[in-house]
Amino acid sequence: MSPPSPHPRRTRLPRAFYSRDPRVVAPELLNKILLRDDGRAGRIVEVEAYAGAEDPAAHSYRGKTARNATMFGPGGHLYVYFTYGMHWCANAVCGRPGEGVGVLLRAMEPLDGIELMREARRFPARTRDIASGPGRLAQAMGIDRTFDGADLVTMERGITIVSDGTPPPEHPIAGPRIGIRHAVEHPWRWHVPEHAHVSKTRAGVPPARKGRGKT
DNA sequence: GTCCCGATTCCCT
DNA sequence: GGGAATCGGGACC
């Protein structure tokens with residue numbers, strides 16, 4: 001028998017879970033739990049799919065480079081990139097090797113290790129500001145470039161995604177992705193309905209399109 | 001080598 | 001609702 005665990009029902013996702021189209025995997029990642037071996041854990045409530053060579057908004061759109069090499073590897077690994085000179089963002093690589101597809105983890109509801117997360121985030125005033133946004137999520141979980149390529153299935157670098165038995169929402173909210181310039185027409189962002197920890201806008205309210213877009 | 005700008009966040013108005 | 005912060009990647013010369 002295995003030793004007793006405070007969360008006996010948490011089970012790791014198999015490689016096969018990730019080895020599919022990111023637009024299928026993304027909504028299925030909702031309500032799963034991102035878990036670190038230092039006890040930090042949070043429920044994933046918002047994600048975006050990036051579809052590789054057919055997706056001008058994807059880092060992998062123009063092919064493999066040193067930065068995005070992890071995206072072109074097998075599914076079930078973490079692709080971590082640095083942006084805006086200060087933020088790290090984490091993706092679950094999906095699909096098959098060479099496809100360059102994945103799912104950006106955009107927002108999380110803190111579950112365990114919340115004091116560690118608050119410290120990592122330099123003590124935000126409100127709990128919902130701990131991990132409601134991709135940069136915030138990575139900072140709260142202590143994810144930086146050393147986690148790029150980490151295998152979520154084997155947990156070799158102490159990070160994984162697990163299920164506690166909670167199914168994905170039956171009717172997730174789908175809408176346009178946030179913070180991109182190309183392919184904004186694709187509704188490849190999903191979040192849990194009515195959830196306080198979703199980024200950018202209030203739960204259930206799609207982000208307002210600004211600037212040059214059609215109305 | 002130079003230049004532009006980003007899968008963002010925070011703080012101000 | 002808007003602009004600054006801040007720096008590495010990638011396109012181009």
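Chain naming here is simple, since letters A, B, ... match the order of the sequence lines and numbering starts at 1 in each. Note that these values count all heavy atoms, side chains included, but never hydrogens, waters or copies made by symmetry.
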- Message: What contact category does A/I180 fall into here, base, sugar-phosphate, or nothing, at under 4.0 angstrom with non-hydrogen atoms?
- Response: sugar-phosphate
Going by chain and number, the hydrophobic cluster around A/L35 (ILVMFWY, side chain to side chain under 4.5 Å) further includes A/I33, A/L111, A/V162
Its 5'-most and 3'-most nucleotides having an atom under 4.0 Å from a non-hydrogen atom of chain A, DNA chain B is contacted over B/dG6 to B/dC10
The side-chain contact (heavy atoms from CB on, under 4.5 Å) partners of A/R62 (sequence neighbours excluded) come to none
Please tabulate, one pair per line, all N/O donor-acceptor pairs under 3.5 Å involving side-chain atoms of residues 133-144 of chain A, not counting sequence neighbours.
unit_1, atom_1, unit_2, atom_2, d
A/R136, NH1, A/S132, O, 3.2
A/R136, NH1, A/S132, OG, 3.0
A/Q139, OE1, A/R121, NH1, 2.6
A/D144, OD1, A/T146, N, 2.9
A/D144, OD1, A/T146, OG1, 2.6

In whole angstroms, the gap separating P of C/dG8 from CG of A/D144 amounts to 14 Å
Under 3.5 Å, which donor-acceptor pairs link side chains of residues 74-97 of chain A to any protein atom two or more places apart or in another chain?
unit_1, atom_1, unit_2, atom_2, d
A/H77, ND1, A/G149, O, 3.0
A/Y79, OH, A/H59, ND1, 2.9
A/N91, ND2, A/Y79, O, 3.2

By nearest-nucleotide position on DNA chain B, the 5'-leaning member of A/R121 and A/A90 is A/A90
By nearest-nucleotide position on DNA chain C, the 5'-leaning member of A/Y84 and A/A66 is A/Y84
* Asked: Is it true that the NZ or CZ of A/R15 lies under 6.0 Å from the centre of A/Y18's six-membered ring and within 45 degrees of the ring axis?
  -> no
Euclidean distance for P, C/dG3 against B/dC5 (whole angstrom) = 16 Å
To the nearest angstrom, the NE2-C1' distance between A/H87 and C/dG8 comes to 14 Å
Original post:
Do we see a donor-acceptor contact under 3.5 Å between the side chains of A/T70 and A/D148?
Top reply: yes
Salt-bridge contact A/D55-A/R23 (side-chain N to carboxylate O under 4.0 Å): no
When you check the gap from the basic side-chain N to the acidic O, do A/D129 and A/R126 get nearer than 4.0 Å? yes
Atom CZ of A/F82 and atom C1' of C/dC7 are separated, to the nearest Å, by 6 Å
Result for side-chain contact (heavy atoms from CB on, under 4.5 Å) between A/R40 and one of A/L116, A/I114, A/L34 points to A/L116
The residue, A/R145 or A/M86, whose nearest nucleotide of DNA chain C is more 5′ is A/M86
Base-pair string, DNA chain C, Watson-Crick plus G-U, cut-off 3.5 Å on both distances, | for inter-strand, is |||||.||||||.
